[in-house]
Each structure stands twice: as C-alpha cells, then as structure tokens.
Number of protein chains: 2
Amino acid sequence: MELNTRKKKILEVIIRDYINTAEPVGSRTLSKRCNLGISPATIRNEMADLEELGFLVQPHTSSGRIPTQQAYRYYVDEIMEIQKLEKMIRTDIHRGFLDHNTELGPTMSHTAQVLSQLTNYTAVVLAPRVTNFNCKHVQIVSLIKNRVLMVVVTQEGMAKNIEVTLSQEVDTMLALKLSNVINGFLKNTILSEMSSDLIDQIQELSAAESKLIHEIIPHLKKALMEDASEVHSTGLTNLFNYPEFSDVNKIKQLINIVQEKQVLSEMMTSKDGNQVIRIKIGSENDNENLKDFSIITSTYELDGEMMGAFGVIGPTRMNYDNVSSVLNYIRNELNLHISNLLMK
Amino acid sequence: MELNTRKKKILEVIIRDYINTAEPVGSRTLSKRCNLGISPATIRNEMADLEELGFLVQPHTSSGRIPTQQAYRYYVDEIMEIQKLEKMIRTDIHRGFLDHNTELGPTMSHTAQVLSQLTNYTAVVLAPRVTNFNCKHVQIVSLIKNRVLMVVVTQEGMAKNIEVTLSQEVDTMLALKLSNVINGFLKNTILSEMSSDLIDQIQELSAAESKLIHEIIPHLKKALMEDASEVHSTGLTNLFNYPEFSDVNKIKQLINIVQEKQVLSEMMTSKDGNQVIRIKIGSENDNENLKDFSIITSTYELDGEMMGAFGVIGPTRMNYDNVSSVLNYIRNELNLHISNLLMK
DNA sequence: ATTAGCACTCACAATAATAGAGTGCTAACA
DNA sequence: TGTTAGCACTCTATTATTGTGAGTGCTAAT
C-alpha cells in the first residue's frame, strides 16, 4: 500500500501526536500544533481518506481519530527511521555496563533496569540458554544420601544446576568417579546428542555405577531440553502510568505475561525473519494476553550464535522510535560485554 | 481492654460481615441478617459505644460502620479461634504434597500455589536459607579462564551456587585441588566463622594457590551472608478481585512488596515472639508499602531450627480465621515433607 | 435497660442542561 | 481541480438538580 507524500506526512504527525497525548487527534488542533501549511478542512479530507484505507478510526462520530494497528505497522515499516541515541545517553549506558560486567547475573538484571528506565515501559531480558551449547564439563556433587547436584559447564563458561534423586546412595568419592566417566564422553559431544548406549562399553564400571550413569543421562538431557533460561523483568509498574492501563484487567494480562516465563522465553527466542529489531504490534502477537500490547525485542550473540533475547513491552501506542534506538544500542553493548564476560 | 459479652458478640458479627461483603455494616441489616435477639436501636447504641472505644468508624455520617485495625487486632487476639481444616481439604493438601515432594524447588512453588488457591490471597514462600547451616562440602568448578563456580553443600543437603572471577586462571585440576584444601578446613566449621588465617599454615600450597584461597574465602562468606533465599510468590492477581484493590496505586504497592524480595525475606524471617502464626495488620507493618495490607506468616523447621517462612498477603479486611487455619496445617505438612526431603 | 418512632444526613443514581471539540458537506475561490 | 471558509450537526464530558434509600441520633414510651 502506497500513500502519497502528504498523506504519509499527515499520518506520521497524527501517530506522533497520539503517542504523546493518548488523545484522539482532530483536524483543527493538528493544523494548529504543527504548521503543515494546510487548512483543517484539507486535513479533514485527507483524514477521511486515511480512515477509509484503514489507518485511522474514530472512537465515536465527531471525535478526533486514532491510529489503527495497521497505521502503527505502516509507521514502523515505512516512516520511522531508527535514530542513533544521543552521545550523552550512549556514554551513560556504556559506563553503566562497565560497572556491572563482572558476572552474568548482574549484567542481565542491569540490562533490564536500564531498558525500563530509558523507555518507561516494562523490560524483559533472557539470560543465555545453556542448551545447545557445547558442554565442556559436568560436575556431579553429592548432596545427601541418594540426592546429587549436577553442574553443567559449557564451553563459553556458563553453568547450570540440576538437582536429582537417584536410586542409590552417592558419596563424595562416587560422585567424583561418575563425573569423570561422563566427562570422558563429553569431550567431543553436544550434550543433547549424547547416547547412553555408549556407557555399556566401559569396562571398569561396576553394575551399580553403570546403572547410576544410565539414570543420570536422561535427567541431564531432559533438564537441558526444558531449560527455561532465567527471565529478568523490570518496570512492571511503569505501564501503570499510561491511561490505557487504568483498567485492572489490562494489568492482570500484563502480569500474566510476565509470569509465564516459559512462554515469554519461547516467544522472544523464536526466529522470525532476519531483523535485528523485531516489532510485534497488538494482535500480531500469538499470545492471547499480548493482544493489547506491543512488544519490541532483539537478541544478543556470541560468535554469531544467538545467546539470548531482550525487549520491551508497552501499549500499542508505543514510542517505537525511541525504543528501537535504545534496543539497537543496548544490543551492541550486550554483544560487547557478553563476549568480554564469557571469553576473556 | 475488656468488652462485655454482648459488645464482643456484636463486634464479632460486624467484623465477619464486613469481611464477607466489604460494605459498611448498619444496625438494621445486621439485626436482620443475624438474629441476635436484640433490636436495631440497641445495636445502634452498642455500636456508638464501640466507635467511641476505637473499634469502629463511619466512612461518613449516616452510613454503616466498618472495623478499625484495632478491631481486627482485638478479633485476632480475643475472639477468633484457629479451627482445624475440614478433613477433605486436609487430605487434598496432603496428597498434593506427596505428588510434589521429589525436589526442594517444586515443593516450594507448590506450597505457594496451594496457599494462594486456598486463601484467594497472594502467597509468598521462602525457600530454606543456606546461611548458618553447617557446610558439609564446597566444590569448586572451573568455568573458563579465571572464572569459577563454587557450589556450597550443607549438612542438610541443600546447595547454593556462587560465581566469581579470580585473579588467576583456574583449570579443572586446580579447581579440584582448591576444593580439597577448603574442604579440609570445613570438616567442623560453620562457614560464616571460617577464618582465612588458617590457610597460611598449610605447607603444601604454592604461593599462587594460597593467594587464590585467600581470594575465595571472603567471596564465600560474603555470598552466604547476603544470601537472599529464593522467594516464590503466587496469586498476585487474586487480590485484584477485591474492591479495595480497584485502585491502581494499591496494586503498585503490592507489586513493589513482592518484588523487594530481600525486604520480604528479612521481614518474614525476623523473630517476633514465639507465635507459630504471626499476624501483622496494616500499619503494624514496618514496611511503608505494607501499611494498607495484612500479612500472616509462619515458619517451617528442621530439627527445631528455622528453615524458612511462608505466608499470605491480603487486605486488612482479611479472612483471618481461614488463613490461620490454612497456614497452621501447611506448616505441619511442610515440616513433614522438608524433613523427608532433606534427611531421607 | 430496651425499643419504637421520627427527623435528619449523606452517598449514590438518574436526569437534564450546557459547552466544546470535532465532523461532513457545500459553495466559493485560486 | 485542489483548497478552504462557513455552517449545521453530532456526540462526549461536565455540571447541576433531584430523588431514593440505608443509616444515624435522640426522645419518649414500655
């Protein structure tokens, strides 16, 4: 769908105005506020056209108009350009990361903090997922009686805990031995491809030990499969300040979204085109609870491999420009710091 | 403060009614609803007295009356009696726990689930804190270059991860050696009392190794000190259904409470008398955000030692009877299952 | 001591009136 | 032919007005 230059300009101004004020935009105020050099009557005509094309709606006859989701989509695709953040803000963010880049956890929660603060929306950050990375080392630690803790360490230096109860008692020495056996296998295998058949080939294992290993492997695989990476969210209450969220039901939806970490995680990591910044507007979201929201996400990488995702949830009347700029910059910062953190 | 029998009875009925309906209670409806055998006029007189004594207030002249915090306090201390839960509910809960008692994490989140479901308020459960327990074992796992993961295991079989960056590279072998050294010390020491002076007495350590140990010990201590145990919360949206929470500001307060896990944790674990069920009503809470809420908490134990806490957050107009009964029973269940889980 | 009766109060709901911002349409204009 | 001024009309939001009902306090009778 192509719009002529003037329609495009008018649509842009309307959207900008509505994003700022949350009030339906009328022709008169519009012509006053931004001097486009055309009269309200002309604007009215154009607006009527835009309404017919599906870009605008009137909440009721004889009120101003508000943008439809289609309008936001058009704005995002055809009008908006991602700006570079101001120099001052950039250095602020950069410094902030330098102060928090000692450990992975703090880096993640700091990212969420910064995101929600810069955008005034709700921020979500997914920590790196351990699954699918090359497993460097598995350490089995005896907890008590027949309960053990398995610590899986990836090539990149990330760790994940898995706690399981086995059929037999495991003391410190046995735990060490089991670790060694499993690590022997792991030298060159991606964990998710590991087969427990190989175990039977080992000679020096007693029947009991072999049985334990057979128990352990599926636990490892299963736990890594369903590995929902940590989800950090901040600024939940930011959204409460926007008039569209004075409705308690919307707030419920929001809370449900943020609490369903599994869903959130899948949604944010699912590939979808090659865009660096992914924008989902209102009903473009599959998740029922997100139909009234927009969500803008991006991902961070290590060696070209996607490590995790982060993004912002807000009203469909969202400041798409600003959020995109922020995500864009944060993405670079994250890529930088994560690689420092894990590979240094 | 002592009230005569009739005043006590009337106060009780008013509180019960208000808890159910959230509407100011008037003399006429009261005398109709519960046949106390006295006329509205008499009730009016008694109510006027109760108001003078600080137990009731009128939202406006010529409306019914609602209980004050003082009234709830009196009700909780002098009127209410903790009932045993119905047999059917008890067995339901018990079975539920049996289905979720394989690991600590699931048990905790299941507890939160059950609590919020049975009470219709917001539930909070603190997982056991590792601090102050006897440390059985520390395993140091090499992550990458100079980053290591320390896994601390307590006598009771709980584990905690601590990730740190050291000044030197640590490989798998060195990690094992460091573990052994530290475990040598730990045999009979509570970790928080461990001194790094002892390290210098060991002969077989190289200067580099000794230096590493000196770096590690403070990290261990610090991490365990500030150990905010995991906080599980559920049923945040339960409260939205009560009329007192149609106000967005109250919701903000609630979310702030639940998100300040550190504060919540300290508040719930701080000792305060010897009560099994601890009830804090409105402004009795120190935390500013909790001034409009009531919170009822209890603790669970292992060998007489407090392991963690759990409780329910709701409006001051809370069903104190029911919540107390539920907490009381859950407490027993938790004590039972935790000991099975950790000691079996 | 209790209660019936009565005048009074106040929040809340329903109704009506008014103002204001916006629209669509028509006719005049460049 | 595109643009604009003018005008009648529409609809919401605000304010004022009124009635209703549940409740109270007080007084006098039981």
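Note that the structure is a prediction, hence the values are computed from the model and not measured. The chains referred to below are lettered A, B, ... by the order of the sequence lines, with proteins before strands, and numbering in each begins at 1.
Nearer the 5' end of DNA chain C, as judged by each residue's closest nucleotide, is the contact made by B:Ile38, out of B:Ile38 and A:Val25. Heavy-atom nearest nucleotides on DNA chain D were determined for B:Gln58 and for A:Arg28, and the one closer to the 5' end corresponds to A:Arg28. Both A:Ala48 and B:Asn45 lie close to DNA chain C; mapped to their nearest nucleotides by heavy-atom distance, the more 5′-ward contact belongs to B:Asn45.
B:Tyr242 and B:Arg317 form no side-chain donor-acceptor contact under 3.5 Å, judged by distance and modelled atom types alone. Looking only at atom types and distance, the side chain of B:Tyr121 has no donor-acceptor partner in the side chain of B:Asn322 under 3.5 Å away.
For A:Ser62, the side-chain atoms get nearest to C:dA21 when compared with the rest of D:dA5, C:dT9, C:dA21. Considering only the side chain of B:Met47, D:dT24 comes nearest among D:dT24, C:dT3, C:dG24. In this structure, the nucleotide among C:dT3, C:dA11, D:dA5 sitting nearest to the side chain of B:His60 is C:dA11. With D:dT4, C:dT23, D:dT10 as the candidates, the nucleotide lying closest to the side chain of A:Ser27 is C:dT23. With C:dG22, C:dT2, D:dT4 as the choices, the nucleotide that has an atom nearest any side-chain atom of B:Thr42 turns out to be C:dT2. In this structure, of C:dT23, D:dC26, D:dA5, it is D:dA5 that holds the atom nearest to the side chain of A:Ser39.
Between the P atom of D:dG23 and the CG atom of B:Asp17 lies a distance of 10 Å, rounded to the nearest Å. The CD atom of B:Glu46 sits 11 Å away from the C1' atom of C:dA1 (whole-angstrom rounding). Atom-to-atom, CD of A:Glu23 to P of D:dT12 comes out at 15 Å; the value is rounded to the nearest Å. Protein atom CZ of B:Arg65 is 9 Å distant from nucleotide atom C1' of D:dG25, rounded to whole Å.
Of the possible polar contacts, none joining the A:Glu12 side chain to the A:Lys9 backbone as a donor-acceptor pair under 3.5 Å is found.
No hydrogens or angles were tested; on distance alone, a donor-acceptor pair under 3.5 Å links the side chain of A:Arg44 to the base of D:dG6.
A salt bridge does not link B:Lys8 to B:Glu78: none of the charged side-chain nitrogens sits closer than 4.0 Å to a carboxylate oxygen.
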